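Please read the structure below before turning to the comments.
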Amino acid sequence: MTEKDLADMIKAEEKRLKLHNPEFMQRHREIMEAADRMRRENKKRLCQSSDLTKADNP
């Protein structure tokens with residue numbers, strides 16, 4: 001595979017994904033916000049769970 005083949009493949013994939021389309025960026029932001037929200041909720045649950053564990057085992 002040549003450099004040109006690789007560049008053409010990348011360009012075709014960017015086009016297929018509509019990488020530079022505002023809708024793609026909006027969906028990307030939505031996914032990242034959902035991931036951040038889940039991470040925060042999991043962290044909060046872990047902290048609450050670990051507080052209970054500490055109380056049970058002085």
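No experiment lies behind these values; they were computed from the predicted model shown. Computed from heavy atoms alone, side chains included, the values below leave out hydrogens, waters and symmetry copies. In this chain, residues are counted from 1 in sequence order.
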Worksheet entry | salt bridge (charged side-chain N to carboxylate O under 4.0 Å, His left out) involving R29 - partner list, sequence neighbours excluded | none

Less than 3.5 Å apart, which donor and acceptor atoms pair up between the side chains of residues 32-44 and the rest of the protein, not counting sequence neighbours?
from: D36; atom 1: OD1; to: R39; atom 2: NH1; distance (Å): 2.8
from: N42; atom 1: OD1; to: R45; atom 2: NH1; distance (Å): 3.1

Discussion item. Taking side-chain contact (heavy atoms from CB on, under 4.5 Å) as the definition, give me every residue that meets it alongside E3, ordered by chain and number, with sequence neighbours left out.
Written reply: none

Worksheet entry | Closest heavy-atom pair and its distance - F24, L17 | CD1-O, 3.4 Å

Worksheet entry | Residues forming a side-chain contact (heavy atoms from CB on, under 4.5 Å) with L6, sequence neighbours excluded | M1, M9, I10

Worksheet, complete the sentence: Sorted by chain and residue number, the side-chain contact (heavy atoms from CB on, under 4.5 Å) partners of E23 (sequence neighbours excluded) come out as N21

Discussion item. For residues 8-18, which residue pairs pass the side-chain hydrogen bond (donor to acceptor under 3.5 Å, both in side chains) check, not counting sequence neighbours?
Written reply: K4-D8, E13-R16

